[in-house]
Amino acid sequence: MKRVLFTPGPTQVPSEVLEAMARPLIHHRTDEYRAFFLEATRLLAEHLGTQEPVLTLSCSGSGAMEAAAVNLLSPGDEAVVVEGGKFGDRWRAIAEAYGITVHKVSVAWGRVATVEEVESALTAHPKARLLFLTHSETSTGALFPAHEIARVARARGVATIADAVTSFGVYDLRFDDSDLDGVVWGSQKGLMIPPGLGYVCFSPRAWAIAEKAKLPRFYFNLVKARGALEKGDTPFTPAINLVLGSHAAVTLMAKEGRAAVFARHQRNADATRHALRALGFSLFAEVPSNALTAVHVPAGVDGGAVVKTMEQRYGVKIAGGQDQLKGKIFRLGHIGYYDDGDILRLVGAFEAALIDHGFRAEPGTAVRAAQESIRGAYLPEPALCW
Ligand SMILES: *Cc1c(COP(=O)(O)O)cnc(C)c1O
């Protein structure tokens, strides 16, 4: 059976990327490899809206989070972590693993923190000079106001580091125009390549902090990685074929055009939300991210069975909830390589599996609503995140 991933990571990989990765291995200390690596790096920076170096690390997104944290923090530091889901909590776990005192701004999962909530935490903990947050919280589908929070943090001299793992490639982050001081992301979400690469980009302010920060680090020494990048190198053997894949992926994104990529994500998210609302669902997230759509599992429906039927009968893989949301929500991913037809397949399979499991709906409701949304959307509006 033809199977398609509609999970909020890993995501569908274009054939151009698979082909680029399938070629016989080339050596990384060659001009040929350096040309691919530098061009991929340049296009990634362009996509992020930055002149700063984008570092490619051989690790998943969490490795990039850890790399950012250990390069910015020193023993005895305090940090503020904004948490409203599994990934926000991961910042806490990373910082605490290194002995950092963490002050959490916690909101109920599904909610987003307000600028005021974060401001009062910064006032209460003036020793904290770093703030870690999640832009698009993939465990709940919520989009946090990262740019607004960064603005108030910067006004107090606090540097904001955002987990942009499911907002890179979805939203126009405009890093250099923003008050963010660091962003991290991974390969297997909006970038449309398999898992295995993590990315970090720092502002000049963050680099100034990194040059003095004292937490132990070896493999993830970003100052060293920045020095190597100037020569098209990495301190260690890079994940060569994934880098070739990333080159193919960012080339595809550049050809489509940044604004078109963001508009497509907006259209896919709108069509999915419209379809689910037509089925009677309300969105789980207070402010929904364009990376994925999360909805409650309806009373009387076995959520796990629906996910399984979608996969086994319809070839469509979605995700359930994690941790405290296990069995309670469905998460439908539309981040990365998806078009209008894919969304019709996604919501069609979702509706069919729900009906298979006793949910009452008129067959075709979700597909019809998605089609209406898609038709109406061809007056594309850019996706806004701040
Ligand atoms: C996927 C994801 C991560 C990273 O997870 P890995 O499994 O380490 O790649 C981090 N944050 C968010 C918001 C994510 O969606």
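Counting starts at 1 for both ligands and their atoms, in listed order.
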Asker: Looking at atom 13 (C) of ligand 1, what's its closest protein heavy atom, distance included?
Answerer: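 Ranking protein heavy atoms by distance from atom 13 (C) of ligand 1, first comes T138 OG1, 3.1 Å.
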Asker: Please give me the minimum heavy-atom distance between L48 and L173, naming the atom from each residue.
Answerer: CD1-CD1, 3.6 Å
Asker: Can you tell me which residue among D179, L133, V152 is in a side chain to side chain contact (heavy atoms under 4.5 Å, CB included) with T160?
Answerer: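 Only one of D179, L133, V152 forms a side chain to side chain contact (heavy atoms under 4.5 Å, CB included) with T160, namely L133.
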Asker: Starting from atom 6 (P) of ligand 1, locate the nearest protein heavy atom and write down its residue, its atom name and how far away it is, to 0.1 Å.
Answerer: S60 OG, 3.4 Å
Asker: Give me the residue, atom name and distance of the protein heavy atom closest to atom 9 (O) of ligand 1.
Answerer: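 Among all protein heavy atoms, the one nearest atom 9 (O) of ligand 1 is Q188 NE2, 2.8 Å.
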Asker: Just going by heavy-atom distances, which of E66, K189, K86, R90 is nearest to atom 14 (C) of ligand 1?
Answerer: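 Answer by nearest heavy atom: K189.
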Asker: Is there a polar contact, in the sense of an N or O pair closer than 3.5 Å, between M65 and ligand 1?
Answerer: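 Among all N and O atoms of M65, none is under 3.5 Å from an N or O of ligand 1.
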Asker: Any heavy-atom pair between the side chains of R331 and T138 that's under 4.5 Å?
Answerer: yes
Asker: Quick one: are Q188 and T11 in side-chain contact, heavy atoms under 4.5 Å?
Answerer: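 SC-SC contact between Q188 and T11 ruled out.
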Asker: What protein heavy atom is closest to atom 3 (C) of ligand 1, reported as residue, atom name and distance in Å?
Answerer: F87 CE2, 3.5 Å
Asker: Is it the case that ligand 1 has an N or O less than 3.5 angstrom from some N or O of T134?
Answerer: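 No; every N/O pair is 3.5 Å or more apart.
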Asker: Checking salt bridge (charged side-chain N to carboxylate O under 4.0 Å, His left out) for the pair E311/K308: CA distance, chi angles, key distance, verdict?
Answerer: CA-CA 5 Å; E311 184 179 3; K308 210 167 179 181; over 6 Å; no
